[in-house]
Number of protein chains: 2
Amino acid sequence: MEMARDKYHHGDLRQALLEAAEEELKEKGVEGFTLRGCAKRAGVSHAAPAHHFKDATALLTALAALGFRRFLEVQIKYKDAAPPNPRDRMLASGLGYIDFAQKHTALFRLIFSSDRPDYADAELSHASEAAFTDMMQGVRALSGGNAPEEKVMIDVAATWAMVHGVADLINSGKLKMLGALPEEARRKALVAIVDRVLPPATTD
Amino acid sequence: MEMARDKYHHGDLRQALLEAAEEELKEKGVEGFTLRGCAKRAGVSHAAPAHHFKDATALLTALAALGFRRFLEVQIKYKDAAPPNPRDRMLASGLGYIDFAQKHTALFRLIFSSDRPDYADAELSHASEAAFTDMMQGVRALSGGNAPEEKVMIDVAATWAMVHGVADLINSGKLKMLGALPEEARRKALVAIVDRVLPPATTD
DNA sequence: TGTACATCAGTGAACGCGCGTTCACTGATGTAC
DNA sequence: TGTACATCAGTGAACGCGCGTTCACTGATGTAC
């Protein structure tokens, strides 16, 4: 095993830069994010990142893509732990969405409230679509296979908006009354809120 | 009437800077906002703003306060045009919230998704509290005077989250299917969505 | 009504700073023979 | 197994840029007498 400090070549600077970027984002916010700051955090000269990312946008774009993938993973983890019916799975998925927003404040902001990543990038748009598609499918399963398209659209919009609203408000500290509740009560409250908007499961 | 171009003294540079700042925000986003850019837009040397705003944060803080006041005005305007019962007034208020987010994208982002304004500032925190208080009162009126506090909290959170979620998702272009609908259909869809989460009016 | 003076809002040159970007370089690694 | 060489990932000095901030200044306005 080699000691990292002895190495002139970093080994996996690309990965290290992504981790550094996440930290940088956490501490400085999207608005104060710099490439030089990331290089410093990764323990590397400020010119080194150029070998891996064209510019700050490229780094933020890759980080946003990674963010979307983790965002989806969290939701899937929650879903897989839920009772195997569309309603409970959808509810779990929503709780995962909110949990991600709370635990990864900076990433959540990056993927939902920033113009800095390049959304035309193939990797990023693929990752974001995967996340959104998963959510749509969950709602569709819940609305029932032959619900009219118009109803499905309303269901999707309502469910997504509710979950996203809770996540964004908690994330920006505006629903402190929820965040302040003890673990179990918080969960119960979130369930009550999200549950209120889920379409009733159809039985056909 | 004096011609503005003949004046060495601007007349009301403070106000002009606020308007310039809103434009700057609209075009460059919170992330690219500069004081020098605002000065240029206001047609004034870059050192002039210092007489009115200590720094960029002070200007953004004043702008955010102004944003919250307008945000509340729009909601009140909508409410006053609605049938005078708690449910319709609340619904109207929510539509006003969403309307503001759509028409003042930059301001909405500034007040809900940016760390740059100083929220400890008295004027700003007063303006934001006024907006939030108004909303809480609307929900409280709808929940009925003697609803248990816990239910009111859930009602507030659910209503706020739903409205805010729709507003934020439309604002960031993620509910295109709603934005793309023709005027009347869009309104109907929004009503259906927001209405779904409003607590039933109590009659006691 | 006129003059002197204080006040205030603006100018524009200058500064230091951190940023992104470029460039010649150097050290480490992998491969051909 | 050893040597020569190409490749690649890093360094660090240098640059130009736009930023915020400071400063001596100047032009306009209001007021005292």
Side-chain angles (χ1 to χ4, degrees), chain A residues 1-21 23-64 110 114-118 121, chain B residues 1-21 23-64 110 114-118 121:
Chain A
M1 182 184 167
E2 310 251 9
M3 301 303 285
R5 69 173 180 278
D6 292 335
K7 301 187 94 174
Y8 181 89
H9 284 168
H10 183 284
D12 195 356
L13 183 54
R14 193 190 143 87
Q15 183 55 33
L17 280 172
L18 284 169
E19 286 164 22
E23 253 182 73
E24 171 90 352
L25 213 53
K26 217 176 282 177
E27 286 180 29
K28 308 253 194 81
V30 194
E31 291 143 10
F33 182 93
T34 43
L35 215 44
R36 276 172 113 111
C38 295
K40 198 171 179 186
R41 274 173 215 277
V44 107
S45 86
H46 61 264
H51 288 283
H52 301 275
F53 298 100
K54 204 188 111 239
D55 51 27
T57 297
L59 177 48
L60 283 171
T61 300
L63 186 60
L110 177 67
S114 175
D115 286 334
R116 295 192 68 179
D118 172 18
D121 174 80
Chain B
M1 181 185 167
E2 311 251 9
M3 300 303 284
R5 69 171 181 281
D6 293 334
K7 302 185 92 174
Y8 179 89
H9 285 167
H10 183 284
D12 194 357
L13 182 55
R14 194 190 142 86
Q15 182 56 34
L17 280 171
L18 284 169
E19 288 163 20
E23 252 181 74
E24 172 89 352
L25 213 53
K26 217 175 284 177
E27 287 181 28
K28 308 252 196 83
V30 193
E31 290 144 10
F33 182 92
T34 43
L35 215 45
R36 276 173 114 111
C38 295
K40 197 170 178 186
R41 273 172 216 277
V44 105
S45 85
H46 62 262
H51 289 282
H52 301 276
F53 299 99
K54 203 189 114 242
D55 52 25
T57 298
L59 177 49
L60 282 171
T61 300
L63 186 60
L110 178 66
S114 176
D115 286 334
R116 295 193 68 177
D118 171 18
D121 174 79

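Chain naming here is simple, since letters A, B, ... match the order of the sequence lines and numbering starts at 1 in each.
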Next item on the list: Give the rounded distance in Å between these two atoms: CZ of B/R116 and P of D/dC19.
Entry: 12 Å
Notebook entry, point to check: For the side chain of A/R116 and the backbone of A/L60, is there at least one donor-acceptor N/O pair under 3.5 Å apart?
Noted result: no
Next item on the list: Mind checking the NE2-CG spacing from A/H51 to A/L17? Nearest 0.5 Å is all I need.
Entry: 11.5 Å
Next item on the list: Rounded to the nearest angstrom, tell me the gap between atom CZ in A/R36 and atom C1' in D/dG16.
Entry: 12 Å
Check: Separation of B/E31 atom CD from C/dG20 atom P, in whole Å?
Finding: 14 Å
Notebook entry, point to check: Looking only at heavy atoms, which two atoms of B/V44 and B/P49 are closest? And how far apart?
Noted result: CG1-CD, 4.3 Å
Notebook entry, point to check: Which sits closer to the 5' end of DNA chain C, A/G37 or B/H52, going by the nucleotide each is nearest to?
Noted result: B/H52
Note to self: Please convert DNA chain D into dot-bracket. A pair counts if it is Watson-Crick or G-U wobble with both distances under 3.5 Å; crossing pairs go in [ ] and bases paired with another strand get |.
What the structure shows: .||||||||||||||||||||||||||||||||
Notebook entry, point to check: Contact class for A/S45 (heavy atom, under 4.0 Å): base, sugar-phosphate, or nothing?
Noted result: base
Next item on the list: Can you tell me the distance, in whole Å, between the CG atom of B/L59 and the P atom of D/dG20?
Entry: 10 Å
Note to self: Quick check: on DNA chain C, is the nucleotide nearest A/K28 upstream (toward 5') of the one nearest B/A48, or the reverse? Name the residue that is more 5'.
What the structure shows: B/A48
Notebook entry, point to check: Taking CG from B/L17 and P from C/dA9, how many angstroms apart are they, rounded to a whole number?
Noted result: 13 Å
Next item on the list: Starting at atom CD of A/Q15, determine the distance to atom C1' of D/dA9, rounded to an integer number of angstrom.
Entry: 17 Å
Check: Atom CG in A/L35, atom NZ in A/K54: separation rounded to 0.5 Å?
Finding: 11.5 Å
Next item on the list: Under 4.0 Å between any heavy atoms, over every strand shown, what does A/H46 touch: base, sugar-phosphate, or nothing? Just pick one.
Entry: base
Item checked: Listed nucleotide nearest any side-chain atom of B/V44, set D/dG20, C/dT11, C/dT22 -> C/dT11
Checklist line | Between D/dT22 (C1') and B/D55 (CG): distance, integer Å | finding: 14 Å
Check: Is the number of heavy atoms from other residues, nucleotides or ligands within 6.0 Å of NZ (A/K40) greater than 12?
Finding: no
Next item on the list: Report the distance from atom NE2 of B/H51 to atom P of C/dT7, rounded to the nearest whole Å.
Entry: 15 Å
Next item on the list: Report the distance from atom CG of A/D118 to atom OG1 of A/T61, rounding to the nearest 0.5 Å.
Entry: 5.0 Å
Next item on the list: Search all heavy atoms of B/A21 against all heavy atoms of B/F33 and return the closest pair with its distance.
Entry: O-CE1, 3.6 Å
